[in-house]
Engineer: 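First, the structure itself, so that you have it in front of you.
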There are 2 protein chains.
Amino acid sequence: MARYPGTHTTGRGGFMPRTKRGNAPSIRDVAAVANVSVPTMSRYLKDPERVSEKKREAIAAAIEKLNYRPNPIARALALDMSESITVMSADTRLYGRTQTIFGIERKAQEIGYPITICVLDPRGGERMLSNVRSCLDRSPAGVILIDFDRLTDSVVSRIPASTPMVIIGGPRHERRAQIHLCEYDSAYAMTRRLLELGHETVHYVSVPADVDARADGWRMALSDAKVPAPAPIATTWDAEDAIEIGRRLGEDPSVTAIFAGNDEVAMGLMRGLTLAGRRVPDDVSVAGFDDHTLSKVWNPPLTTVRQRFSEAGEHAVALLKEQIDDVVNDCSRGEAWTVFDRIAGDLVERESTAPRRS
Amino acid sequence: MARYPGTHTTGRGGFMPRTKRGNAPSIRDVAAVANVSVPTMSRYLKDPERVSEKKREAIAAAIEKLNYRPNPIARALALDMSESITVMSADTRLYGRTQTIFGIERKAQEIGYPITICVLDPRGGERMLSNVRSCLDRSPAGVILIDFDRLTDSVVSRIPASTPMVIIGGPRHERRAQIHLCEYDSAYAMTRRLLELGHETVHYVSVPADVDARADGWRMALSDAKVPAPAPIATTWDAEDAIEIGRRLGEDPSVTAIFAGNDEVAMGLMRGLTLAGRRVPDDVSVAGFDDHTLSKVWNPPLTTVRQRFSEAGEHAVALLKEQIDDVVNDCSRGEAWTVFDRIAGDLVERESTAPRRS
DNA sequence: CTGAAAGCGCTTACAG
DNA sequence: CTGAAAGCGCTTACAG
């Protein structure tokens with residue numbers, strides 16, 4: 001039933017195609033119809049200019065007639081590089097990642113590269129690396145690493161320097177292309193703003209991360225203002241867990257300003273504060289981070305720092321494409337790929353923060 | 001610099017590898033070390049039992065020694081089927097889709113299939129189909145279609161019946177594997193529940209969808225209760241747009257119960273209601289749909305119907321895998337793939353709904 | 001500008 | 001059980 005030697009020359013009629021390509025025309029079929037050789041076809045596909053006008057027309061007609069579409073898999077095998085981008089990320093449900101991936105998808109579609117998702121096993125270690133390896137085995141044209149929780153080091157070192165790659169977020173890597181979200185700066189600014197509103201200090205509730213630039217910005221702003229920093233409170237990615245934290249914080253009348261590691265946590269905190277009988281922002285100000293889609297809809301609307309995730313995703317693809325074109329053209333490999341582009345967030349003050357009640 | 005004929009037999013030393021595979025060992029290299037033929041290697045890879053014990057050991061040792069990993073691209077070319085799953089979906093940022101994709105990712109990883117995302121162009125038509133085509137050109141082992149806004153028909157008809165596929169959501173398709181989310185039933189139940197709470201009618205705010213099973217369930221529940229149905233109000237996927245709708249609804253003292261097409265819209269409505277000076281649930285009850293991660297954190301926590309998106313995603317992969325195994329084993333192609341599995345949602349009553357104030 | 005040849009790394013009848 | 005051969009659909013030197 002399946003294909004066997006000779007099958008295609010004798011007309012691959014047979015049964016139903018086993019897969020989508022099935023009996024789609026091959027480059028050889030088109031070459032025959034256009035009366036040119038296969039290599040000429042190949043040249044035409046890569047750059048029509050390399051073929052004489054006459055053949056060009058014949059080929060175009062044949063392609064049209066047979067509705068030919070080159071087989072990307074065969075191409076990938078010959079080139080040892082498939083025309084696709086793989087995105088490596090941990091849990092894709094988290095807001096920032098979803099948005100970033102969306103931006104990547106949009107731009108990738110624009111340049112005609114499909115994207116494949118390589119989920120980094122949250123348990124890390126060997127399991128995560130085996131994921132990475134198996135994605136690399138597919139020879140993607142390039143990889144985009146979303147590194148919002150800094151599991152990067154072990155992954156980055158697995159990716160050959162010759163492989164186009166861009167990292168979004170994470171600690172700085174030498175000789176790699178990277179997009180920096182300036183979280184430290186934003187956190188610093190938000191904290192300072194809260195201080196300006198008259199709050200004596202601001203409490204920080206942190207989201208899981210090995211290295212937390214947001215916490216660092218907060219701490220530094222406090223330190224610069226000569227305000228002692230309360231111990232940061234750690235929570236999970238699950239907003240529900242922040243409710244209890246909010247409630248406890250609400251029981252302490254001295255806390256009047258809380259800065260959360262992300263908007264979802266901020267929302268959980270606000271719920272907890274409400275349960276503790278405290279009003280936002282009258283009794284306590286709450287600020288988040290990210291500008292989640294629902295932040296402006298929250299009750300009250302949440303003050304936060306807007307992160308340009310999807311823009312970062314789009315930019316990552318653009319950067320990656322440059323590198324890919326470089327390797328395709330065999331030029332400047334690896335050398336000039338050191339990039340560190342900033343995509344800064346900005347403060348958006350809504351109604352969840354207010355001057356300290358005197 | 002690049003590969004040229006003979007390169008691999010003469011030792012492909014040369015420069016840096018151009019891509020990740022670069023100078024990875026091929027099946028031929030391993031065969032040489034193990035002192036067996038390439039076909040024997042191939043047989044071993046597919047099913048070690050088909051090879052004599054002696055060779056089996058030699059091969060295992062050689063694989064280990066060279067750290068050999070088969071090239072999935074070459075395999076895909078030979079088999080005209082790549083070991084990967086492509087997921088087709090419109091805007092992946094929307095809650096249900098993100099969750100579903102997460103489930104797919106988790107299960108796909110378990111069975112060792114990478115997933116590639118094919119974003120369906122929201123503008124539909126030819127643009128969308130060209131996306132589909134180019135994904136199909138990659139010969140995925142199977143496809144999962146997330147059809148939460150019913151753009152399905154034109155896509156489904158493009159996918160050969162011989163291609164393993166499972167559809168999640170959407171209107172029923174003959175002779176296809178499909179997972180049904182029972183939204184009609186859930187919407188019916190929610191509406192009836194609201195009526196039981198004493199509300200004279202329930203208003204419906206609908207999310208964009210060509211065919212809206214949720215609206216149908218709502219309408220039928222009203223009709224069965226002999227309650228006239230108010231005109232449904234259409235909104236967008238953007239929760240912010242629901243604020244204004246909530247405000248307007250809030251100005252009408254006769255509305256005491258609102259059912260939203262999804263949780264995010266419900267949240268927007270609640271915000272609008274608040275702005276209109278109405279309290280939830282004291283003045284008006286609001287129910288959503290989906291059980292968004294933030295629903296239980298909302299102020300007040302949102303009554304909704306919990307949808308098992310990630311479970312649906314996982315089940316889809318399981319169903320797909322069965323089909324894939326069928327085609328790999330050349331059996332029962334296409335015939336027995338008619339499946340219609342239900343994954344029902346369930347009502348979760350939280351604090352945003354209450355008996356009508358007498 | 002163009003074609004014949006060889007190669008990419010696998011798989012699958014076929015004939016021992 | 002196993003190897004030699006041919007094939008999957010492309011690409012790229014090489015030599016006109």
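Below, read A as the first sequence line, B as the second, and so on, with proteins coming before strands; counting in each chain starts at 1. Everything numeric in this text was worked out from a predicted model, so none of it was measured.
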Engineer: Just how far, in rounded Å, is C1' of D:dT2 from CD of B:Glu49?
Structural biologist: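 Taking CD of B:Glu49 and C1' of D:dT2, I get 16 Å after rounding.
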
Engineer: Is any side-chain N or O of A:Arg75 closer than 4.0 Å to OP1 or OP2 of D:dT11?
Structural biologist: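 It does, given that an N or O in the side chain of A:Arg75 lies less than 4.0 Å from OP1 or OP2 of D:dT11.
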
Engineer: Residues in side-chain contact (heavy atoms from CB on, under 4.5 Å) with A:Ala58, at least two apart?
Structural biologist: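 Testing A:Ala58 for side-chain contact (heavy atoms from CB on, under 4.5 Å), a comparison that skips the adjacent residues, returns A:Ala34.
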
Engineer: Report the distance from atom CG of B:Asn23 to atom C1' of C:dC8, rounded to the nearest whole Å.
Structural biologist: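 Those two atoms, CG and C1', are 14 Å apart.
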
Engineer: Indicate, with a heavy-atom threshold strictly under 4.0 Å, whether B:Tyr44 touches base, sugar-phosphate, or nothing.
Structural biologist: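 Result for B:Tyr44 = nothing.
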
Engineer: Reading DNA chain C from 5' onward, which residue's closest nucleotide shows up sooner: A:Asn35 or B:Lys46?
Structural biologist: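 This one resolves to A:Asn35.
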
Engineer: Sub-3.5 Å donor-acceptor pair from the side chain of B:Arg97 to the main-chain atoms of B:Asp91, do we have one?
Structural biologist: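 Confirmed, B:Arg97 side chain pairs with B:Asp91 backbone.
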
Engineer: At less than 4.0 Å, is any side-chain N or O atom of A:Ser42 found next to OP1 or OP2 of D:dT11? Yes or no.
Structural biologist: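 Affirmative; the distance criterion is met.
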
Engineer: Give the stems involving DNA chain C, where a stem is 3 or more consecutive Watson-Crick or G-U wobble pairs (i with j, i+1 with j-1, and so on) under 3.5 Å.
Structural biologist: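 Stems for DNA chain C, defined as runs of 3 or more consecutive pairs: C:1-3 with D:14-16, C:5-12 with D:5-12, C:14-16 with D:1-3.
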
Engineer: Expressed in angstrom and rounded to an integer, what is the separation of B:Lys54 atom NZ from D:dT2 atom P?
Structural biologist: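 In whole Å, D:dT2 P and B:Lys54 NZ are 11 Å from each other.
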
Engineer: Okay, side chain of B:Ser84, backbone of B:Tyr113: is any donor-acceptor separation there less than 3.5 Å?
Structural biologist: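 Not a single qualifying donor-acceptor pair exists.
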
Engineer: Report the nucleotide, chosen from D:dG9, D:dA5, D:dT2, that has the shortest atom-to-atom distance to any side-chain atom of B:Pro39.
Structural biologist: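 So the side chain of B:Pro39 is nearest to D:dA5.
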
Engineer: On the nucleotide C:dT2, are OP1 or OP2 found under 4.0 Å from the side-chain N or O atoms that A:Thr40 carries?
Structural biologist: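 A:Thr40 to C:dT2 OP1/OP2: no side-chain N or O under 4.0 Å.
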
Engineer: In whole angstrom, what separates A:Met41's CE from D:dG9's P?
Structural biologist: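 These atoms are roughly 13 Å apart.
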
